[in-house]
Amino acid sequence: MATAVLLCAATLVASAREATVTSPGGKLTVTVSDEGGRATYAITLEGKQMMQTSPLGFKANFGDFTEGVKITSTKAEQVDKCYEMRQVKQSHIHYVATLLTLEFENARQQKMSMEFSVGDNDVAFRYLIPRQRNDNPKSAVILAEATGFNLPEGTTTFLTPQSKAMVGWERTKPSYEEEYKADAPMAQRSQYGEGFTFPCLFRVPFAATMSQHSKQSKQAQQNDGWVLISETGVSSAYCGSHLSDWQEGGYHIAYPMAGENNGNGTTTAGIPLPGVTPWRTITVGTTLKPIVETTVAYDVVEPIYEPSINYQSGRYTWSWLIWQDNSINYDDQVKFIDLASAMGFELCLVDNWWDQNISRDRIAELSRYAQSKGVSLMLWYNSNGYENDAPQTPRQCMNTGMARDREMAWMKSIGVKGIKVDFFGGDKQETMKLYEDILYDANRYGLQCIFHGCTLPRGWERMYPNYVASEAVLASENVYFNEGAAIREPFDLTMHPFCRNASATMDWGGIIMNKYLSKDNKSRHTRKTTDIFEMASGITMQTAIQCVAMQPNNLTENELPSFEIDWLKAMPTTWDETRYIDGYPGRYVVLARRHGDQWYVAGLNATAEPLKLTLDLPMFPAGSQLKYYVDDNKTGQPKLATLKLDKKQKARVEMQPNGGLIIQ
């Protein structure tokens with residue numbers, strides 16, 4: 001049974017107090033202390049140090065809780081709840097944790113509290129700030145946090161840097177589209193000197209085999225642990241944050257940069273009192289399984305409003321990825337609607353400039369045509385405003401309540417089912433409010449929302465029922481823009497299941513089936529992945545509305561085998577269960593996901609060599625004869641074969657370089 005114990009050394013005039021809380025299964029222990037007048041915490045998993053003594057506390061405009069603090073009381077209680085989700089890695093989630101509440105007092109006798117929600121592999125904590133003496137102040141500005149993450153020496157990192165503000169194309173950064181680096185040392189400074197974007201993945205050494213990390217073998221993995229750090233529950237009530245660069249004593253919570261949002265808005269957070277901060281989350285494991293399967297981003301938050309309709313998931317076609325801006329005309333959009341209809345896809349996304357190139361009247365006509373073919377439209381919008389210089393229209397339709405109300409009423413009247421909103425300004429509280437306002441207003445009109453050029457979603461799938469996914473990643477459009485990104489695609493898509501997509505849904509933006517990244521499918525650079533890799537990525541990438549970036553020529557040129565087309569027609573996008581099977585970030589991944597009664601096992605290989613694996617597949621009966629989509633080891637061509645499980649429910653498989661597999 002989990003316990004919280006307050007220990008006092010009565011013989012000392014100024015003794016340190018320490019509270020220890022253990023997860024319900026007894027695996028994970030968090031120790032909170034006020035030694036030296038500073039609040040700290042540490043985490044062990046099965047006796048192994050996952051987080052060394054790390055600082056807590058914050059500075060507000062009314063008081064300082066980073067020093068001179070002491071624990072005055074603790075309370076522990078059990079959390080046991082079940083809830084349903086329609087658009088994440090599990091549909092039925094059972095969350096069991098121990099909740100430790102601690103009260104602190106600073107040298108001026110001002111008070112704050114903390115909550116630690118501790119599961120067997122997850123820790124979430126936040127600050128609770130009451131009103132102080134004489135029921136004042138009734139509001140506060142949180143100026144900075146001391147909150148830190150002191151990982152053990154020898155830890156290696158899997159991180160993506162935070163960009164400078166108001167730089168890059170049309171001053172649109174940070175757009176959260178920077179490159180990940182794998183297996184880097186903690187002391188390596190971020191590319192732009194602004195720290196790292198959540199989520200942040202770390203590999204923690206347990207044993208002397210740390211020097212063998214470069215081998216990245218399963219044996220080496222068994223000697224190490226894994227830590228995933230992020231945050232959840234960020235709404236209009238706070239700013240988003242990221243990690244600072246590493247310094248002596250670890251990483252720290254960093255607030256937005258002054259230049260974000262074109263310099264508008266504060267870099268701090270303003271809250272009413274009593275009030276709370278977002279949850280910081282830490283997922284730990286002796287393997288990668290808890291990292292991939294975690295649901296902590298949703299476990300500790302609640303829905304903010306009810307859905308106005310029963311939102312549906314599905315697949316969409318998208319002309320812009322390959323055909324680009326010139327395709328935003330009525331006739332080309334008809335071709336992609338027809339493609340969606342032929343494939344049984346539910347949606348078609350019409351991208352930027354549609355208001356100028358097609359016109360609003362003809363968009364209404366196009367929507368009627370799509371509906372006659374069993375397809376609904378989604379429309380692209382620019383979020384600006386004043387956040388940056390991105391010129392694409394429609395502009396100034398999403399940045400104010402009056403504009404949204406007018407625009408969304410029109411969309412509902414013509415049968416549009418969703419919006420993709422692009423080019424946001426950063427993580428300031430003002431920007432978080434814009435996300436929330438768009439979501440809330442869209443729900444009133446039955447519209448689902450996808451965000452691009454945007455920050456990481458932080459529990460939004462549960463908080464906002466019409467939220468679908470965010471880009472917040474170096475996504476598929478870059479595979480089109482330059483060959484270097486095409487070469488990186490296998491690395492990226494074997495990284496994200498352990499990091500970006502482990503924390504939140506991700507709109508990568510396209511299962512690409514063209515051989516060449518061009519409309520004629522004969523020019524520009526080639527796709528570097530196999531067809532099976534692309535198909536399998538539709539399973540390993542998690543989002544409830546998935547882009548299948550087929551082109552009309554994929555059907556008319558007879559270039560795709562019929563079994564590939566049939567599989568894409570039937571591909572699900574929602575999951576009742578997700579299980580980690582095998583993998584290593586940036587090298588390969590094998591996941592199993594269940595949709596109803598059907599299991600799908602999908603694998604991706606980002607290495608330059610064939611990868612032979614023996615997979616444990618307990619979700620299938622022993623001796624099963626299974627469909628096996630794989631790249632032929634001699635010709636490299638896609639094939640549909642049969643795979644037989646042995647009596648121990650194991651299967652030997654081989655993935656080709658930049659190839660994949662699907663078992664079902």
Side-chain angles (χ1 to χ4, degrees), residues 312-354 357-358 362-363 365-381 411 414-420 422 447-450 452 468-469 471 475-477 479-480 506-521 527 531 534-535 537-539 541 543-560 562 564-574:
Q312 301 297 309
S313 303
R315 291 78 43 90
Y316 68 93
T317 55
W318 182 31
S319 71
W320 185 87
L321 180 63
I322 305 295
W323 291 17
Q324 293 286 293
D325 289 348
N326 288 338
S327 70
I328 310 305
N329 61 73
Y330 190 94
D331 292 341
D332 280 351
Q333 293 309 304
V334 164
K335 294 173 184 175
F336 279 84
I337 290 168
D338 290 346
L339 174 61
S341 180
M343 292 297 295
F345 297 165
E346 296 81 0
L347 298 156
C348 177
L349 171 63
V350 185
D351 216 276
N352 57 192
W353 304 113
W354 58 261
N357 294 353
I358 298 176
R362 294 218 75 193
I363 280 289
E365 181 183 336
L366 187 69
S367 182
R368 289 192 294 272
Y369 175 78
Q371 291 171 71
S372 75
K373 304 287 286 187
V375 177
S376 297
L377 295 187
M378 296 192 297
L379 296 181
W380 184 97
Y381 283 88
M411 281 189 277
I414 66 170
V416 171
K417 296 300 184 184
I419 55 176
K420 171 181 167 182
D422 211 336
L447 297 168
Q448 299 193 79
C449 298
I450 296 172
H452 271 226
V468 177
E471 186 183 30
S476 63
E477 63 192 43
V479 175
Y480 172 86
M506 178 183 78
D507 189 55
W508 162 262
I511 300 166
I512 304 170
M513 301 308 294
N514 258 25
K515 301 294 185 186
Y516 289 82
L517 276 297
S518 60
K519 182 176 180 179
D520 63 14
N521 203 19
R527 191 186 78 220
D531 287 5
E534 292 293 323
M535 291 161 58
S537 74
I539 306 300
M541 293 188 296
T543 179
I545 297 181
Q546 184 77 262
C547 177
V548 183
M550 296 179 67
Q551 309 300 303
N553 58 271
N554 296 150
L555 294 183
T556 59
E557 294 175 0
N558 297 317
E559 63 170 7
L560 300 184
S562 60
E564 290 187 12
I565 294 172
D566 291 343
W567 190 88
L568 290 166
K569 285 181 176 180
M571 183 191 73
T573 63
T574 57

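- For the pair Met550/Leu568, a side-chain contact is recorded, criterion being any heavy-atom separation below 4.5 Å from C-beta on.
- At least one side-chain heavy atom of Met411 sits less than 4.5 Å from a side-chain heavy atom of Tyr381.
- In this structure, a donor-acceptor pair under 3.5 Å is absent between the side chains of Gln551 and Asn521.
- In terms of heavy-atom proximity, Glu534 sits nearest to Ser537 at O-OG, 2.6 Å.
- Using modelled atom types, one finds no donor on one side chain facing an acceptor on the other under 3.5 Å when comparing Gln324 with Asp351.
- Remark: Ile358 CD1 to Trp353 CH2 distance equals 13.5 Å, nearest 0.5 Å.
- A donor and an acceptor atom, one from each side chain of Tyr369 and Asp338, are located under 3.5 Å apart.
- Looking at Asn514, its side chain never comes within 3.5 Å of a backbone N or O of Leu517 through a donor-acceptor pair.
- Side-chain contact between Asn329 and Asn357 is absent, with no heavy-atom pair separated by less than 4.5 Å.
- Here the straight-line distance linking atom SG of Cys348 with atom CG of Leu377 works out to 6.5 Å at 0.5 Å rounding.
- Environment of NZ in Lys417: sparse, with no more than 12 heavy atoms of neighbouring residues, nucleotides or ligands closer than 6.0 Å.
- A salt bridge (Lys or Arg N to Asp or Glu O under 4.0 Å) check over residues 313-328, counting only residues at least two apart or in different chains, returns the pairs Arg315-Glu346.
- Here Phe345 pairs with nothing under the ring-ring contact (aromatic ring centres under 6.0 Å, His included) rule; sequence neighbours left out.
- Here the side chain of Ser319 pairs no donor or acceptor atom with the backbone of Gln333 at under 3.5 angstrom.
- At a threshold of 4.5 Å between non-hydrogen side-chain atoms, the residues Met513 and Glu564 count as touching.
- Atoms OG1 and NZ, from Thr556 and Lys335 in turn, are 10.0 Å apart once rounded to the nearest 0.5 Å.
- Checked against side-chain hydrogen bond (donor to acceptor under 3.5 Å, both in side chains), Ser313 has the following partners two or more places apart in sequence or in another chain: Arg86.
- No side-chain donor-acceptor contact under 3.5 Å links Asp507 to the backbone of Thr543.
- The two atoms that bring Leu379 and Trp354 nearest to each other are CD1-CZ2, 3.9 Å, heavy atoms only.
- Between Ala340 and Leu347, the closest heavy-atom pair is CB-O, 3.9 Å.
- Annotation: the span from Ile419 atom CD1 to Cys449 atom SG amounts to 4.0 Å, rounded to 0.5 Å.
- For Asp422, the side-chain contact (heavy atoms from CB on, under 4.5 Å) criterion is met by Trp380, His452, not counting sequence neighbours.
- Residues Lys515 and Glu559 form a side-chain contact, since some pair of their non-hydrogen atoms from C-beta on lies under 4.5 Å apart.
- Between Ile322 and Lys519, the shortest heavy-atom contact is CG2-N, 3.7 Å.
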Task: From CA spacing to verdict: side-chain contact (heavy atoms from CB on, under 4.5 Å), Leu555, Leu339 - done: CA-CA 8 Å; Leu555 294 183; Leu339 174 61; 3.4 Å; yes
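- The backbone N or O of Ile414 sits nowhere less than 3.5 Å from a side-chain atom of Arg368 that would complete a donor-acceptor pair.
- With hydrogens and angles ignored, the 3.5 Å screen pairs a side-chain donor or acceptor of Ser476 with a backbone N or O of Trp508.
- Between Arg362 and Glu365 a salt bridge is recorded (basic side-chain N to carboxylate O distance below 4.0 Å).
- Side chains of Gln371 and Ser376: a donor-acceptor N/O pair is absent below 3.5 angstrom, by distance only.
- Contact detail for Ile511 and Gly538: the closest heavy-atom pair is CD1-CA, 3.6 Å.
- Taking 4.5 Å as the limit, every side-chain heavy atom of Thr317 sits out of range of all side-chain heavy atoms of Met343.
- In this structure, Gln448 contributes its side chain and Gly418 its backbone to no donor-acceptor pair below 3.5 Å.
- Nearest heavy atoms, Gly510 versus Leu321: CA-CD2, 4.5 Å.
- No side-chain heavy atom of Val350 sits less than 4.5 Å from a side-chain heavy atom of Met378.
- Under the side-chain contact (heavy atoms from CB on, under 4.5 Å) criterion, Cys547 pairs with Tyr316, Trp318, Ala549, not counting sequence neighbours.
- Applying the side-chain hydrogen bond (donor to acceptor under 3.5 Å, both in side chains) rule to Lys569 yields no partners; only residues at least two apart in sequence or on another chain are considered.
- The CG atom of Asp332 sits 8.5 Å away from atom CG of Asn326, with the distance rounded to the nearest 0.5 Å.
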